[in-house]
Amino acid sequence: DEEMAPYIAESKRNYVFGGISSVAANASIKALALMKSINLLGVQQICRNSIALEQALAAIPSIDSEAVQQRLDRVRTFYELLNLPFEVH
């Protein structure tokens, strides 16, 4: 983003970088269908990875960090729900 700033207007940089968090969130959620097994450690790793990605994306000035947080919070919530115990009746 910083390298592009002198050459490309902020609105265009926002257009380029703004969708990254949505793509990452959707890809993370859709990846569940490809997983053969799920366990607590795997879910924790995915949550840590989404936090790291959130921090990296929030560091890009032309990205709305609040939108990034909302989208990646959704990923963490989605995966954390997999760890909830379920009742069999």
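Residues: numbered from 1 along the sequence shown.
A salt bridge is defined here as a Lys NZ or Arg NE, NH1 or NH2 lying under 4.0 Å from an Asp or Glu carboxylate O, and E54 with R76 meets this definition.
At distances below 3.5 Å, at least one donor-acceptor pair connects side-chain atoms of Y79 with backbone N or O atoms of S28. Side-chain N or O atoms of R13 include none that pairs as donor or acceptor with a backbone N or O of M4 at under 3.5 Å.
Both I38 and I46 are assigned to one and the same hydrophobic cluster, defined by single-linkage of ILVMFWY side chains at heavy-atom distances under 4.5 Å. Under a hydrophobic-cluster definition in which Ile, Leu, Val, Met, Phe, Trp and Tyr are linked whenever side-chain heavy atoms come within less than 4.5 Å, directly or via other members, I51 and I29 are assigned to different clusters. Under the 4.5 Å side-chain heavy-atom criterion for grouping Ile, Leu, Val, Met, Phe, Trp and Tyr, L82 is connected to M35 within one hydrophobic cluster. Transitive grouping of hydrophobic side chains (ILVMFWY, heavy atoms separated by less than 4.5 Å) brings I63 and Y7 into a common cluster.
Across all their heavy atoms, N26 and R74 have their closest contact at OD1-NH2, 3.0 Å.
Partners of R71 according to the salt bridge (charged side-chain N to carboxylate O under 4.0 Å, His left out) rule, which considers only residues two or more places apart in sequence or in another chain, do not exist here. Taking D64 as the reference, nothing meets the side-chain hydrogen bond (donor to acceptor under 3.5 Å, both in side chains) condition, with sequence neighbours excluded.
Between I60 atom CD1 and S65 atom OG the span is 11.5 Å, to the nearest 0.5 Å. Rounded to the nearest 0.5 Å, atoms CG (L72) and OG (S22) are 9.0 Å apart. A distance of 9.0 Å separates CD of Q44 from CG of N39, quoted to the nearest 0.5 Å.
Side-chain contact between E66 and Q70 is present, with heavy atoms from C-beta onward closer than 4.5 Å. Here the side chains of L32 and F78 are in contact, with some heavy-atom distance below 4.5 Å. L53 is not listed as a side-chain neighbour of R48, based on a closest heavy-atom distance of 4.5 Å or more.
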- Message: Pair N49, Q45 - check side chain to side chain donor-acceptor pair (under 3.5 Å), show working.
- Response: CA-CA 6 Å; N49 289 347; Q45 183 64 48; 2.9 Å; yes
